[in-house]
Colleague: 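I'd like to ask some things about the structure below.
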Amino acid sequence: MKGVTFDLLEEWDCRAVLANTYHLMARPGIDTIRRAGGLHAFVGWRRAILTDSGGFQVMSLSARRRITEEGVEFRAPEDGTAHFLSPERAMELQADFGVDIAMALDVCPPFPAERAEVEEACRRTLAWAERSKRAWAASSGAGSLFGIVQGGTHEDLRKRSAEDLAALDFPGYAIGGVAVGESKEAIRDVTAFAAPLLPAEKPRYLMGVGTPADLLASVRAGVDLFDCVLPTRNGRMGHAYTARGEVTIKHERFKEDLQPLDPSCGCPVCRRHSRAYLRHLYVVKDFSAPMLISIHNVFFYLAWMRTIREAIAAGSLAALQAPPEEKIPEGA
């Protein structure tokens with residue numbers, strides 16, 4: 001949640017934030033977090049925390065890691081320091097963090113990848129899921145441990161991975177290995193195929209997705225939980241999500257536009273500032289510009305998910321229309 005304070009998140013009824021096991025292990029390190037009394041105390045967040053296991057870094061840091069059956073050895077891009085993650089170590093770290101939802105250590109294959117590489121990722125992910133489950137049961141962790149389905153864009157591998165993980169009876173399940181380079185159509189196809197394969201009575205978590213339209217499509221497929229960097233990462237790049245389309249605030253056409261980012265939005269940025277002012281801040285490289293746009297985006301996402309939940313409760317989800325994914329038209 002770069003650029004967005006926890007006070008605002010609590011005010012907007014955000015229920016959970018995500019942190020990353022690999023990055024916390026590397027900096028500031030588990031000893032500091034233990035001395036603070038756990039991750040909630042260290043960061044000052046009193047609600048739920050979910051931690052990624054570090055499996056995504058198996059892909060994103062592929063040039064700086066070595067995988068063995070035992071685990072993954074990383075070389076930190078910051079200073080070359082060696083770090084090792086095994087399923088057991090990932091569980092130990094997340095238990096010591098005191099998180100509410102922990103993730104089994106998995107292998108996230110890139111896209112594109114040869115089928116043999118995806119098959120091997122599925123095999124190792126299952127073996128590590130079994131080890132993670134045993135280690136979590138033996139740990140002091142009080143939260144829930146989720147397993148992660150892999151399989152790339154191969155339906156047979158997704159089906160086998162989902163069945164194997166369901167047999168391990170995790171409290172919840174994640175769909176991993178999406179949004180790693182595939183087309184939007186492929187992401188939605190994988191989600192629509194994989195989500196119904198997972199137990200309906202347990203939470204289904206889609207990792208790393210997505211736009212407001214992606215979220216609606218995924219909820220319709222049966223997904224309950226998401227994480228994504230888009231609201232704040234794109235906010236830092238001057239990109240805002242609105243009910244009428246997407247705004248790239250640096251564009252010249254917003255130079256004298258005195259409307260809010262989104263006239264229908266009730267966030268503190270839209271209540272106070274114009275597009276012209278936000279563009280001015282962005283163009284002169286004032287550090288408040290990416291913060292303000294990130295604040296708007298996070299508010300917009302939370303409001304959108306609230307709208308989806310209300311539509312489910314009202315039985316009107318099928319009729320709900322997602323915000324346009326195109327840029328807002330001239331004059332809108």
Side-chain angles (χ1 to χ4, degrees), residues 18 20-22 50-62 65 67-69 71-72 85-87 90 101-133 145-210 214-215 217-228:
L18 178 142
N20 180 273
T21 297
Y22 166 80
L50 181 155
T51 37
D52 183 4
S53 65
F56 181 76
Q57 279 66 46
V58 173
M59 183 201 70
S60 65
L61 297 178
S62 60
R65 58 94 172 121
I67 304 178
T68 66
E69 202 63 35
V72 191
L85 268 181
S86 64
I101 301 174
M103 306 303 296
L105 184 62
D106 65 322
V107 177
C108 178
F111 181 89
E114 295 294 331
R115 181 185 170 92
E117 183 179 357
V118 181
E119 285 185 305
E120 176 61 11
C122 289
R123 184 199 66 78
R124 189 161 275 157
T125 291
L126 176 62
W128 286 1
E130 293 169 342
R131 288 167 57 186
S132 294
K133 194 166 188 289
L145 177 67
F146 284 21
I148 304 176
V149 174
Q150 291 292 346
T153 56
H154 304 280
E155 290 188 352
D156 61 324
L157 298 183
R158 286 282 177 185
K159 185 173 187 294
R160 188 192 313 164
S161 179
E163 291 172 348
D164 289 342
L165 284 169
L168 294 177
D169 194 28
F170 283 97
Y173 298 89
I175 301 168
V178 295
V180 292
E182 319 95 304
S183 68
K184 184 177 290 291
E185 181 182 12
I187 293 170
R188 292 184 182 177
D189 286 347
V190 167
T191 303
F193 178 80
L197 300 175
L198 298 170
E201 72 279 6
K202 295 184 177 182
R204 298 161 172 171
Y205 164 33
L206 181 60
M207 306 179 80
V209 177
D214 290 333
L215 300 184
S218 302
V219 168
R220 286 174 172 157
V223 176
D224 306 293
L225 179 65
F226 307 87
D227 79 279
C228 194

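All values below were derived from every heavy atom in this structure, side-chain atoms included, with hydrogens, water molecules and symmetry-related copies excluded.
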Colleague: Apply the test side-chain contact (heavy atoms from CB on, under 4.5 Å) to residues Tyr205 and Met103: give CA-CA distance (whole Å), side-chain angles for both, the deciding distance (0.1 Å), then the verdict.
Modeller: CA-CA 11 Å; Tyr205 164 33; Met103 306 303 296; 3.8 Å; yes
Colleague: Yes or no on side-chain contact (heavy atoms from CB on, under 4.5 Å) for Val72 and Gln57, after CA distance, side-chain angles and deciding distance?
Modeller: CA-CA 10 Å; Val72 191; Gln57 279 66 46; over 6 Å; no
Colleague: If you compare all heavy atoms of Ala195 against all heavy atoms of Val223, which two are closest, and at what distance to 0.1 Å?
Modeller: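 Nearest pair, atom of Ala195 first, then Val223: CB-CG2, 4.1 Å.
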Colleague: Does Ala217 offer a backbone N or O that forms a donor-acceptor pair with the side chain of Arg188 under 3.5 Å?
Modeller: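 Pair absent, no side-chain N/O of Arg188 close to backbone of Ala217.
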Colleague: Report yes or no: does Asp227 contribute a side-chain atom to a donor-acceptor pair with the main-chain N or O of Met207 at less than 3.5 Å?
Modeller: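 Side chain of Asp227 to backbone of Met207: no pair is present.
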Colleague: Nearest 0.5 Å, what's the CZ-CD1 distance between Phe193 and Ile175?
Modeller: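 Reported value, rounded in 0.5 Å steps: 11.0 Å.
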Colleague: At what distance, to the nearest 0.5 angstrom, does OH of Tyr173 lie from CG of Leu225?
Modeller: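 Reported to 0.5 Å precision, the distance equals 15.0 Å.
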Colleague: Using the test side-chain contact (heavy atoms from CB on, under 4.5 Å), find all partners of Glu201 that sit at least two apart in sequence or belong to another chain.
Modeller: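 Glu201 satisfies side-chain contact (heavy atoms from CB on, under 4.5 Å) with Pro199 only.
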Colleague: Which atom names give the shortest non-hydrogen contact between Leu105 and Ser132, and what distance separates them?
Modeller: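 Of all heavy-atom pairs spanning Leu105 and Ser132, the closest is N-OG, 3.4 Å.
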Colleague: Return the minimal non-hydrogen interatomic distance between Ala104 and Ala129, and the atom names on each side.
Modeller: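 That would be CB-CA, 4.3 Å.
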Colleague: Take Val209 and Val178 through the side-chain contact (heavy atoms from CB on, under 4.5 Å) test and state the conclusion after the steps.
Modeller: CA-CA 8 Å; Val209 177; Val178 295; 3.9 Å; yes
Colleague: What pairs of donor and acceptor atoms, side-chain ones from residues 162-172 against any protein atom, are under 3.5 angstrom apart with sequence neighbours left out?
Modeller:
unit_1 : atom_1 : unit_2 : atom_2 : d
Glu163 : OE2    : Lys159 : NZ     : 2.5
Asp169 : OD1    : Lys202 : NZ     : 2.3

Colleague: Is there a salt bridge (Lys or Arg N to Asp or Glu O under 4.0 Å) between Arg123 and Glu120 once you walk through the steps?
Modeller: CA-CA 5 Å; Arg123 184 199 66 78; Glu120 176 61 11; 2.7 Å; yes
Colleague: If you round to the nearest 0.5 Å, how far is CZ of Phe111 from CD1 of Ile187?
Modeller: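 It is 9.5 Å, given to the nearest 0.5 Å.
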Colleague: Dump the intermediate steps for side-chain contact (heavy atoms from CB on, under 4.5 Å) on Asp156 and Arg115, then the final yes or no.
Modeller: CA-CA 11 Å; Asp156 61 324; Arg115 181 185 170 92; 2.6 Å; yes
Colleague: Starting at OG1 of Thr125, measure out to CD of Gln150 and round the result to the nearest 0.5 Å.
Modeller: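 Between atom OG1 of Thr125 and atom CD of Gln150 there are 5.0 Å.
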Colleague: Just how far is it from atom CG of Leu85 to atom CD1 of Ile67, taken to the nearest 0.5 Å?
Modeller: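 Answer rounded to 0.5 Å: 11.5 Å.
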Colleague: Within the 3.5 Å criterion, strictly below it, is a donor on Tyr22 or Asp52 matched to an acceptor on the partner's side chain?
Modeller: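 Side chains of Tyr22 and Asp52: no pair found under 3.5 Å.
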Colleague: Do other residues, nucleotides or ligands put more than 12 heavy atoms under 6.0 Å from Glu69 CD?
Modeller: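 Correct, the count exceeds 12.
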Colleague: To the nearest 0.5 Å, what is the distance between CG (Leu157) and OG (Ser161)?
Modeller: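 Rounded to the nearest 0.5 Å, the CG-OG separation comes to 8.5 Å.
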Colleague: Kindly give the heavy-atom pair with the smallest separation between Ala221 and Ala192, and that separation in Å.
Modeller: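 For Ala221 and Ala192, the tightest heavy-atom pair comes out as CB-CA, 3.8 Å.
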Colleague: Give a yes or no on whether a salt bridge exists between Asp189 and Arg158, defined as a side-chain N under 4.0 angstrom from a carboxylate O.
Modeller: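 Looking at Arg158 together with Asp189, the answer is no, because their closest N to O distance does not fall below 4.0 Å.
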Colleague: Taking all non-hydrogen atoms of both residues into account, name the closest pair between Val180 and Cys108 and its distance.
Modeller: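 So the minimum-distance heavy-atom pair works out to CG1-SG, 4.0 Å.
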Colleague: Locate the shortest heavy-atom distance separating Arg131 from Ser86; write the atom from each residue and the value.
Modeller: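 So the minimum-distance heavy-atom pair works out to NH2-CB, 4.2 Å.
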